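Quick caveat: nothing in here was measured; it's all calculated off a predicted structure. The analysis underlying the following values was restricted to heavy atoms, covering all of them including side chains, and did not include hydrogens, waters or symmetry mates. Below, chains carry the letters A, B, ... as their sequence lines are ordered, and counting in each starts from 1.
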2 protein chains.
Amino acid sequence: MSIHTKPQPSLCQHCTMSDMRFCQVNKSKVEPKVKYHKVYNKSDVLFGSGQIFDAIYILRSGSAKSSVLANSGHEQISRFHYPSDLIGLDGFDNGSHAQSIKFLETSSVCRIGLGELDKAMVNSASIRYKLLQGMSHALNDEDKFLLSLNNMNSAERLSSFLLDLSSQFENRGLSGNVFDLSMTRVDIANYLGMAIETVSRLLTQLQNEDIIEVEKRRVKILNFRKLNQCLLHEREPHILLTAKTRQLNNIQARVA
Amino acid sequence: MSIHTKPQPSLCQHCTMSDMRFCQVNKSKVEPKVKYHKVYNKSDVLFGSGQIFDAIYILRSGSAKSSVLANSGHEQISRFHYPSDLIGLDGFDNGSHAQSIKFLETSSVCRIGLGELDKAMVNSASIRYKLLQGMSHALNDEDKFLLSLNNMNSAERLSSFLLDLSSQFENRGLSGNVFDLSMTRVDIANYLGMAIETVSRLLTQLQNEDIIEVEKRRVKILNFRKLNQCLLHEREPHILLTAKTRQLNNIQARVA
DNA sequence: ATTTAATCTTGATCTATATCAATGGCAGTT
DNA sequence: AACTGCCATTGATATAGATCAAGATTAAAT
């Protein structure tokens with residue numbers, strides 16, 4: 001997707017509509033004190049579940065998680081957000097937010113009030129389209145994720161997660177080979193629907209196979225080909241050992 | 001949410017924008033031969049993955065499943081559709097459909113071309129809002145579903161599915177107590193991420209507990225309270241026996 | 001600087017559910 | 001009426017990954 005250079009309708013001084021998601025910083029005229037632009041710290045909440053819906057946001061820097069609450073009180077992370085993501089689209093449904101958004105590190109957002117947004121939609125086909133596209137993209141993303149939950153085992157889901165993160169960073173001009181996880185292992189486990197112990201084990205396993213290198217939150221992908229194989233259902237012989245096989249190997253090692 | 005009686009902008013002769021989702025049949029002036037209205041048979045495909053996106057649809061009668069295809073070739077059902085559902089929203093993302101839609105029984109849809117839709121969005125705040133609301137609703141629905149996949153066991157997921165179906169039918173003025181499943185057990189299993197054998201076993205189990213009655217595709221809910229308990233994580237004592245316990249009971253029965 | 005609290009890793013065991021296998025019923029076709 | 005294919009049920013077994021338990025490491029707070 002190419003980046004257009006001609007002027008585009010914009011919703012705030014920081015954002016134009018020219019990039020592939022929704023928002024792009026216009027570096028030539030950054031005004032640091034624009035009312036629509038705000039900085040948050042790690043663990044800050046952008047909005048909580050049930051809060052009234054009066055604006056959508058574009059993540060400009062940092063990262064965030066969005067989660068929904070089960071009746072049981074269990075928190076389920078539904079996605080992680082990176083710069084240029086649209087946030088708050090869940091609010092159109094019934095006028096209040098279904099999700100809550102918590103920042104994972106120091107981050108900044110552009111805020112677009114509903115009134116302005118509606119005006120912009122009337123006046124600009126481009127903005128209408130970008131908004132619908134953003135929501136549609138989120139929907140498709142979630143469908144793909146659902147697919148992975150239902151059809152992949154833990155190793156595949158984790159590999160898929162790492163590869164997805166990698167391309168997220170790459171798409172944003174950062175390194176897709178080495179990056180820092182902004183979320184805890186608990187968050188990853190919650191998101192991928194597995195126990196934190198499983199995440200930990202799989203990460204060290206991938207490391208032992210020389211597929212990745214993990215040092216705290218820092219991940220380095222050493223072998224994309226193998227990492228991809230982990231999720232392409234290339235099962236015989238599977239790259240990663242199953243828990244059972246590992247167990248047997250352990251016993252054999254001890255006996256020998 | 002109240003139903004407005006004043007005239008509303010409409011996209012086709014069959015649809016106004018007055019109900020809570022998007023579409024409502026205007027019974028006073030049905031024109032049977034409107035070009036936007038089409039009938040499909042069971043197993044017909046509305047559109048397939050990769051097909052160009054040129055319209056959205058509103059399901060008027062019948063039911064459909066939408067599915068995405070994994071690299072592995074595996075089909076994953078991402079949702080079931082019932083009358084008044086908006087279909088085709090996945091296409092805004094990149095101009096072609098990510099999903100494919102297959103009807104589960106004789107069904108009819110209203111078709112709204114993209115050109116008309118865009119015109120309508122410019123002219124009507126109500127239509128802008130309904131469309132965004134529809135997408136947001138789909139997004140929230142999927143988030144909730146994701147939550148259930150990650151946090152519920154098979155029995156809970158199936159109970160949740162049945163209760164959801166029940167309220168879908170109830171919301172549409174049909175019986176929430178007795179209804180026919182339009183999908184196969186294979187579809188249910190695929191959607192809920194479990195083996196077909198598990199679906200079958202759980203259904204007979206729920207029947208043995210006098211919570212539901214199943215006869216082929218016909219489901220009758222006998223005890224909503226108990227069915228709800230199945231998913232409220234009211235675990236001690238859990239209503240449904242685990243596979244292990246069943247197995248033990250079987251053995252004990254045989255010994256005795 | 002020391003305490004306290006998160007966070008992460010690794011090992012051992014348990015169990016929910018997939019998988020394998022067999023059978024029965026029903027709908028469409030010849 | 002017999003054949004074929006799909007759909008559903010039920011039983012026996014295997015296993016991926018959860019859970020339980022214990023430490024180790026790092027970060028935050030006093």
Side-chain angles (χ1 to χ4, degrees), chain A residues 41-43 74 104-105 149-159 180-190 192-208 214-219 230 233 235 238 240-254, chain B residues 41-43 74 104-105 149-159 180-190 192-208 214-219 230 233 235 238 240-254:
Chain A
N41 291 318
K42 181 176 170 172
S43 298
H74 182 95
L104 298 170
E105 57 190 311
L149 279 181
N150 270 358
N151 296 302
M152 291 180 177
N153 64 28
S154 295
E156 293 168 331
R157 291 212 296 282
L158 186 68
S159 306
D180 287 303
L181 303 170
S182 55
M183 72 291 287
T184 65
R185 303 278 195 271
V186 175
D187 284 342
I188 297 175
N190 178 299
L192 295 177
M194 53 181 99
I196 174 179
E197 294 95 328
T198 305
V199 172
S200 190
R201 273 187 256 273
L202 288 172
L203 283 174
T204 56
Q205 225 181 314
L206 285 168
Q207 178 154 245
N208 291 341
V214 203
E215 174 66 24
K216 256 192 50 164
R217 300 277 180 92
R218 162 78 41 111
V219 173
C230 290
H233 290 260
R235 288 287 174 71
H238 202 294
L240 295 182
L241 307 173
T242 66
K244 193 67 181 184
T245 316
R246 244 185 304 127
Q247 204 173 326
L248 285 173
N249 287 355
N250 288 341
I251 290 166
Q252 282 165 4
R254 255 174 284 146
Chain B
N41 290 318
K42 180 176 171 174
S43 298
H74 182 95
L104 298 170
E105 57 189 311
L149 279 181
N150 271 358
N151 295 302
M152 290 181 176
N153 64 27
S154 295
E156 292 167 332
R157 291 212 296 283
L158 186 67
S159 306
D180 286 303
L181 303 171
S182 54
M183 71 292 286
T184 66
R185 304 278 196 272
V186 175
D187 284 341
I188 297 175
N190 179 299
L192 295 178
M194 52 181 99
I196 174 179
E197 294 94 330
T198 306
V199 173
S200 189
R201 273 187 255 273
L202 289 172
L203 284 174
T204 56
Q205 224 181 313
L206 284 167
Q207 179 156 244
N208 291 340
V214 202
E215 174 66 23
K216 256 192 54 165
R217 299 278 180 92
R218 162 79 42 110
V219 174
C230 289
H233 291 259
R235 289 285 174 73
H238 201 292
L240 297 183
L241 306 174
T242 67
K244 192 68 179 183
T245 315
R246 244 185 305 128
Q247 203 174 325
L248 285 172
N249 286 354
N250 288 341
I251 291 167
Q252 282 166 5
R254 255 173 284 145

What pairs with A:D187 under side-chain contact (heavy atoms from CB on, under 4.5 Å), at least two apart in sequence or on another chain?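 Per chain and number, A:D187 pairs via side-chain contact (heavy atoms from CB on, under 4.5 Å) with A:K65, A:I77, A:F80, A:L104, A:M183, A:T184.
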With sequence neighbours excluded, residues passing side-chain contact (heavy atoms from CB on, under 4.5 Å) with B:S200: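 Result, side-chain contact (heavy atoms from CB on, under 4.5 Å) vs B:S200: none returned.
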Annotated protein contacts, base or backbone, on nucleotides 19-26 of chain C with a non-hydrogen cut-off under 4.0 Å, one of B, S, - each: BBB-----
Write down the distance between [atom1] ([X]) and [atom2] ([N]), rounded to a whole number of angstrom.
X	N	atom1	atom2	result
A:L104	C:dT7	CG	C1'	15 Å
B:L192	C:dA18	CG	P	11 Å
B:N153	D:dA16	CG	C1'	16 Å
A:L202	D:dA18	CG	C1'	13 Å
A:I188	C:dT7	CD1	P	13 Å
A:L181	C:dC8	CG	C1'	13 Å
B:L158	C:dA16	CG	P	17 Å
A:Q207	C:dC8	CD	P	15 Å

Mind checking if A:S154 touches a base, just sugar-phosphate, or nothing, with heavy atoms under 4.0 Å?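 Since only primed, P, OP1 and OP2 atoms lie under 4.0 Å of A:S154, the category is sugar-phosphate.
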Classify the nucleic acid contact of A:R157 as base, sugar-phosphate or nothing, counting any heavy atom under 4.0 Å across all strands shown.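 No contact.
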Helix axis bend for the helix from C:dA1-D:dT30 to C:dT30-D:dA1 - C1'-based end axes, five pairs, 10° rounding: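 The helix from C:dA1-D:dT30 to C:dT30-D:dA1 shows an end-to-end axis angle of 50°.
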Got A:N150 and B:H74 here, is their nearest side-chain heavy-atom distance under 4.5 Å?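 They are not in side-chain contact.
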Taking every non-hydrogen atom, the tightest pair across [X] and [Y]:
X	Y	answer
B:S159	B:A155	OG-O, 2.7 Å
A:L203	A:L158	CD2-CD2, 3.8 Å
B:L202	B:M194	CD1-SD, 4.2 Å

Counterpart residues, side-chain hydrogen bond (donor to acceptor under 3.5 Å, both in side chains), relative to A:N208 (two or more places apart):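 Per chain and number, A:N208 pairs via side-chain hydrogen bond (donor to acceptor under 3.5 Å, both in side chains) with no residue.
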Pairing residues for A:E105 by the side-chain hydrogen bond (donor to acceptor under 3.5 Å, both in side chains) criterion, not counting sequence neighbours: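 Once residues adjacent in sequence are excluded, the partners of A:E105 under the side-chain hydrogen bond (donor to acceptor under 3.5 Å, both in side chains) criterion are A:S63.
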When you check the phosphate oxygens OP1 and OP2 of D:dC7, does a side-chain N or O of B:T184 lie under 4.0 Å from one of them?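 For D:dC7, OP1/OP2 do not have a side-chain N/O of B:T184 under 4.0 Å.
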Output yes when at least one side-chain N/O atom of B:T204 is less than 4.0 Å from OP1 or OP2 of D:dT10, else no.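 True: B:T204 side-chain N/O within range (under 4.0 Å) of D:dT10 OP1/OP2.
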Side chain of A:R217, backbone of A:D180: donor and acceptor closer than 3.5 Å?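 It does not hold such a pair.
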